[in-house]
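Chain identifiers are assigned alphabetically (A, B, ...) following the order of the sequence lines, protein sequences preceding nucleic acid strands; residue numbering begins at 1 within each chain.
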Amino acid sequence: MKRKIVSVLVCAAMAATMIAGCGGGSDDAAATTTEETATEETAADDAAAEDAATDDTAASGETLTIGFAQVGHESDWRTASTQSCQDVFSAENGYDLQFVDCDNDSAVQLEAVRGFIEQDVDYIIIDPIVSTGWDTVLTECQDAGIPVIVIDRTIDDSDKYAAWVGSDFKTEGLACGEWLKAYADAKGITDLNILVIEGTTGASATIGRTEGFNEIAEREGWNILDSQTGDFTQEGGQQVMESYCKSYEGQFNVVICQNDNEAFGAMDAMTAAGVSYGVDGDVIIVSFDAARTALQYCLDGDLNAVFECNPLAAPMVEEIIKGLEAGEEVETEVYVEESCFAHDDTVPSISVNGVDTPMTVLTQDIIDARAY
Amino acid sequence: MDKVKKITQKRLFLPVFCMFLVMAANIIYDVACGEFAFSFFTISVRNGVLYGRLIDILNRGSEIAILAIGMTLVVSASAGTDISVGSVMSLAASFCCMLLAGYGVSSTTELAVPLIVGVLGGILMGCVCGAFNGTLVAYLNVQPMVATLILFSAARAIGLLLCNNLIVYVRNDSFKFFGGYLGFIPTPIIIAAVCVVVMALLLKKTALGLYVQSVGINKKASRIAGLNSSKIIFVCYLVCGLMAGIAGIVASSRISSADSNNIGLNYEMDAILAVALGGNSLGGGKFSLAGSIIGAYTIQAITTTLYALGVSTDVAPVFKAIIVIIIVTIQAPPFKAYMKRRAARKALAKGGAAA
């Protein structure tokens with residue numbers, strides 16, 4: 001009997017913790033959902049009530065209803081992307097944004113887009129969780145006469161969208177290569193021996209950044225000693241770098257990390273191995289993404305340079321929507337502007353694909369002013 | 001000759017032999033590269049801390065070794081595996097970092113609560129998960145795989161919720177201690193050693209080890225003999241959860257953050273593999289804790305060796321699989337029986353010729 005009571009108690013305790021755990025986190029999630037449903041309902045009511053009126057208002061450009069099906073909120077990068085959309089498409093700017101957080105569930109995302117069609121929004125923005133399986137729903141959008149704008153990730157099996165806005169990973173890689181060349185020239189380093197910590201195998205960011213960087217490396221005849229994947233994680237970067245430090249002891253002077261987290265791990269591993277890195281060190285280290293923490297490291301001189309992967313696509317999307325409203329032809333592929341950051345002004349600017357790109361010298365003000 | 005036979009017939013001979021086999025690959029590689037033959041095994045003190053591939057194996061293998069302790073008990077007592085340990089690691093790490101940073105904070109250098117509260121909280125979370133699994137398996141007779149499947153999928157998600165779906169960074173030097181160094185020895189090695197020694201003493205010096213084995217061999221008979229079978233199974237799962245909690249703290253301290261999506265990912269499989277590589281039967285019953293620990297370090301030795309050989313990480317799992325197949329085959333009873341028969345035939349032929 002005693003045992004039964006104990007077991008029931010333990011079960012109850014576990015359930016309580018789980019509920020408490022869920023409750024803690026899902027409070028606002030639940031709140032947002034209800035809020036969303038509420039707004040959706042009102043929006044639906046409004047749409048029904050103003051059905052006749054909507055066309056007029058849309059035409060006169062007073063209020064544009066925009067549906068945004070976001071991937072989720074898994075990283076600081078994603079949060080910044082969401083924030084950017086909410087800032088640009090605010091009520092003050094004359095927009096009514098219907099935001100749905102799909103929590104990385106592609107079925108939810110398809111439903112969200114169908115919901116937008118039913119609400120008869122003016123434009124739909126999608127950050128596709130998966131790249132395939134979109135043709136049917138995009139055809140529905142087309143039939144309803146609602147232009148779709150895709151941001152960040154790509155849709156591979158359909159071209160029934162008005163435009164795509166996102167990052168050019170290859171250019172990021174090229175920029176990194178060009179910077180490294182200019183930096184090495186300025187510092188008088190002739191022999192570059194490079195170690196690369198790649199991102200997740202097959203990810204578009206990994207492919208693009210590798211392709212871009214290798215192009216420059218080949219052109220300049222640099223020696224890439226090794227290239228292993230760190231899976232975009234700190235643990236991965238740390239473990240790969242730990243091994244690099246032993247395999248290529250004293251042979252390398254450049255480490256390229258394909259995202260910030262890998263760079264954090266690599267720095268830990270090099271510190272433990274007694275290898276000096278950064279601006280005053282023996283090893284040049286650069287990373288991609290440029291979230292706030294990485295920029296702080298760059299400002300402190302632990303990272304030589306950071307290449308941005310810009311989550312703030314919304315301003316470009318607004319441009320496209322304005323263009324479409326005015327009945328203009330819009331570009332179907334738009335790349336967001338991406339900056340390059342460096343600790344010092346050794347290299348004032350680089351030329352990528354014939355375009356001059358300035359290297360921004362970091363200050364605390366720049367970091368504080370950034371959204372993520 | 002008899003001495004050699006005695007050694008080869010020891011229970012732990014094969015696991016140890018396999019581990020050396022893996023490491024021997026490095027000697028061949030180093031010689032082939034024209035380097036010092038034992039450069040893989042060189043341990044030096046650099047930057048005030050121990051440095052070398054062997055240290056890497058011991059250091060990086062700590063989490064799996066800690067998990068393997070709990071997994072061995074679970075396998076032995078319930079003839080099932082606890083597949084939730086990786087997720088529980090992640091949950092414990094998330095809970096610990098959430099306590100240290102405060103809810104909703106994504107990066108902090110100041111601790112919100114004393115370090116010990118966060119760490120004990122994380123470990124306690126592991127225990128709670130272990131108790132949950134234990135209750136399901138021991139008292140409700142749910143199959144271990146099914147029972148632990150619940151937390152396998154849920155624990156990581158709960159961790160994400162606790163961290164408000166963000167990676168929580170605790171950039172405080174005191175928190176780095178558990179994944180850093182104590183004096184000149186990496187702390188994870190010490191933590192793993194302490195866990196192993198404490199559990200080994202507990203199993204050897206008390207009757208617990210015997211109880212666990214007897215429950216594993218025959219639960220009903222043990223009960224009739226006067227053992228509280230359910231309680232023993234429950235304790236095994238509790239210990240497994242505790243170990244997962246400790247491993248979670250170590251993994252999280254290493255990267256001074258709680259990356260719920262990645263901490264302990266696929267570690268449950270490595271822990272189960274460690275138990276199997278140690279020559280333990282997954283069917284429960286008799287077990288060897290030392291075997292599992294050796295198995296855990298063998299897995300890490302394979303990983304470190306592949307890094308050292310410069311095998312591209314894309315194809316590394318293939319080589320890992322091949323090595324595991326070889327090790328498992330060497331230890332398989334039919335293979336052992338075949339080798340024995342062959343040896344016997346040879347001896348017979350020799351004997352016949354002599355006569």
Close side-chain approach of [X] and [Y], heavy atoms under 4.5 Å:
{"X": "A:Glu242", "Y": "B:Tyr51", "value": "no"}
{"X": "B:Asp259", "Y": "A:Thr233", "value": "yes"}
{"X": "B:Asp56", "Y": "A:Gln239", "value": "no"}
{"X": "A:Gln234", "Y": "B:Asn262", "value": "no"}

Side chain, backbone, both or neither: which part of A:Phe264 has a non-hydrogen atom closer than 4.5 Å to chain B?
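It is the side chain, since no backbone atom gets that close.
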Under a 4.5 Å heavy-atom cut-off, does chain B meet the side chain of A:Asn261, its backbone, both or neither?
side chain
Where do A:Glu235 and B:Ile263 land on the side-chain contact (heavy atoms from CB on, under 4.5 Å) test, with the steps shown first?
CA-CA 8 Å; A:Glu235 164 86 24; B:Ile263 284 183; over 6 Å; no
Do B:Arg60 and A:Ser243 have side-chain N/O donor and acceptor atoms under 3.5 Å apart?
no
Pick whichever of A:Glu198, A:Arg292, A:Lys246, A:Gln238 has the most heavy-atom pairs under 4.5 Å with chain B.
A:Lys246
Donor-acceptor pair, side chain of B:Asn47 and main chain of A:Thr271, under 3.5 angstrom:
yes
Using a cut-off of under 4.5 Å for heavy-atom pairs, which of B:Arg53, B:Arg254, B:Lys176 has the most such pairs with chain A?
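Ranked by contacts with chain A, first place is B:Arg53.
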Answer yes or no: are there more than 12 heavy-atom neighbours, outside B:Phe177 itself, under 6.0 Å from its atom CZ?
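Count over threshold, so yes.
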